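Everything on this sheet refers to the single structure shown next.
All values reported here derive from a predicted model rather than from experimental measurement. Counting starts at 1 for both ligands and their atoms, in listed order.
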Amino acid sequence: MAKLFDNHGRQINYVRLAVTDRCNLRCFYCMPEEGIKYVARQELLTYEEMEKMMNVLVRMGVSKLRITGGEPFIRRDMMPFLWKLSKMDGLQKINITTNGTVTAPLVPDLKKMGIHSINLSLDALDADRFFEITRRNVYKKVMETFDALLSHGISTKINAVVMEGKNIEDIIPMAELTKDQPVSVRFIEEMPFNGEGNHYEKLVWNHRKILAHLKERFPDIDKMPDPPHSTSANYQVPGHKGSIGIIAAYSRTFCGSCNRIRITPQGMLKTCLYDGGVFNIRDIMRAGATEEQLKTTFLDALGNRAKDGFEAEKRRSLDLPISESMATIGG
Ligand code: SAM
Ligand code: SF4
């Protein structure tokens with residue numbers, strides 16, 4: 001089957017699949033306090049539809065899948081679906097992004113099925129600040145997941161969105177987690193996907209400021225080589241077991257080597273995080289599309305891909321300011 005390339009010669013081998021838009025937290029950078037209007041259940045891709053779509057994509061060269069959401073582990077029957085995916089020929093890596101609130105008891109099975117790595121979202125190491133950001137009192141549960149991941153030897157990354165007035169005090173303590181733990185702590189620029197359509201005029205904590213802040217405490221921090229297609233610029237404090245990443249998600253410094261597509265919970269294909277969605281896979285599957293038709297549709301969509309996130313954002317000029325929640329995209 002033809003491999004999936006875009007019109008800029010970039011091969012797509014990585015899919016980010018948001019399996020639900022539902023979430024049990026209300027992180028203020030992602031959702032308003034009252035939540036978002038969830039997609040009707042029958043509009044969500046079914047597990048069978050996700051599996052069929054992934055089978056086609058894997059045959060087109062996709063080897064890496066990230067399961068995200070919403071909170072993936074609050075969708076019913078998530079674990080049997082993951083077991084199925086873990087046995088899919090050609091799918092080499094399955095990663096999951098989770099808020100960790102209900103994940104701890106599942107970790108032994110995640111280990112058994114060979115999940116490659118888990119990104120745990122944790123924006124503060126202080127329980128009060130955690131509550132202020134997520135609006136839910138579940139810090140202990142998330143830390144239980146962190147401990148379970150480490151004790152089971154699952155490769156773990158922590159995702160922390162850096163926000164003026166919210167968690168600046170946490171940056172250094174979080175970076176210090178890398179001293180004794182083999183964990184990658186990644187600091188992410190805040191993006192406008194908060195479900196409300198309002199956003200700061202100018203990002204205060206951009207990747208340069210985050211790095212400068214880290215350098216004040218760790219003047220000898222080393223730049224590490226970044227793996228191909230990495231969205232994070234990676235660093236290590238000499239002698240520390242883990243590493244530190246900075247993700248310029250709003251500044252968009254990494255688009256040139258982008259190898260990923262996103263599928264939303266209702267089956268919308270996004271060829272860029274910043275586009276408004278280019279076609280709905282669920283609709284064509286429910287209309288009876290064959291594998292061949294699905295393949296052609298993916299190839300056509302990628303044949304008209306924006307070169308970077310700025311162009312993608314411009315193309316959605318009728319749909320601005322960006323008002324969707326990251327829970328409907330998956331990060
Ligand atoms: N609920 C899961 C979680 O929080 O890990 C998975 C979905 S969440 C949308 C995926 C990632 O997107 C999280 O690491 C979260 O911190 C990040 N995220 C959400 N909204 C964001 C925003 N406005 N700017 C930057 N990152 C954001
Ligand atoms: Fe839920 Fe994740 Fe969004 Fe927080 S970032 S509200 S945990 S989907």
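- Geometrically, Lys84 does not engage Tyr47 in a cation-pi contact defined by less than 6.0 Å to the ring centre and at most 45° from the axis.
- No N or O atom of Asn119 sits closer than 3.5 Å to an N or O atom of ligand 1.
- Not less than 6.0 angstrom separates the ring centroid of Phe193 from the ring centroid of Tyr250.
- Atoms of ligand 1 lying under 4.0 Å from at least one heavy atom of Asn159, given by number and element, are 14 (O).
- The closest protein non-hydrogen atom to atom 8 (S) of ligand 1 is Gly69 O, 4.2 Å.
- Under the 4.0 angstrom criterion for non-hydrogen atoms, Val161 is in contact with ligand 1.
- A side-chain N or O of Arg16 and one of Tyr14 form a donor-acceptor pair less than 3.5 Å apart.
- The shortest N/O to N/O separation between Met191 and ligand 1 falls below 3.5 Å.
- The pair Glu311-Arg315 meets the salt-bridge criterion, with a side-chain N (NZ, NE, NH1 or NH2) lying under 4.0 Å from an Asp/Glu carboxylate O.
- On a distance-only criterion, Thr97 and ligand 1 share no N/O pair closer than 3.5 Å.
- For Ala249, the heavy-atom gap to ligand 1 stays at 4.0 angstrom or more.
- Contact between Asp123 and Ala160 at its shortest, heavy atoms only, is OD1-CA, 3.4 Å.
- Regarding atom 3 (C) of ligand 1, its nearest protein heavy-atom neighbour is Ser121 OG, 3.3 Å.
- A side-chain contact (heavy atoms from CB on, under 4.5 Å) with Val142 holds for exactly one of Asn99, Leu120, Thr98; it is Leu120.
- Between Glu190 and ligand 1, no pair of N/O atoms sits closer than 3.5 Å.
- Not a single N, O or S atom of Cys27, from either the backbone or the side chain, sits less than 2.8 Å from atom 1 (Fe) of ligand 2.
- Here the side chains of Tyr274 and Asp308 are not in contact, with every heavy-atom distance at 4.5 Å or above.
- Contacts between Thr98 and ligand 1 below 4.0 angstrom, taking non-hydrogen atoms only, involve the backbone exclusively.
- Each of the atoms 25 (C) of ligand 1 lies under 4.0 Å from some heavy atom of Glu189.
- In terms of polar-atom proximity, Gly70 is counted as a contact of ligand 1, with an N or O under 3.5 Å from an N or O of the ligand.
- Of all heavy-atom pairs between Lys307 and Arg10, the closest is O-NH1, 3.0 Å.
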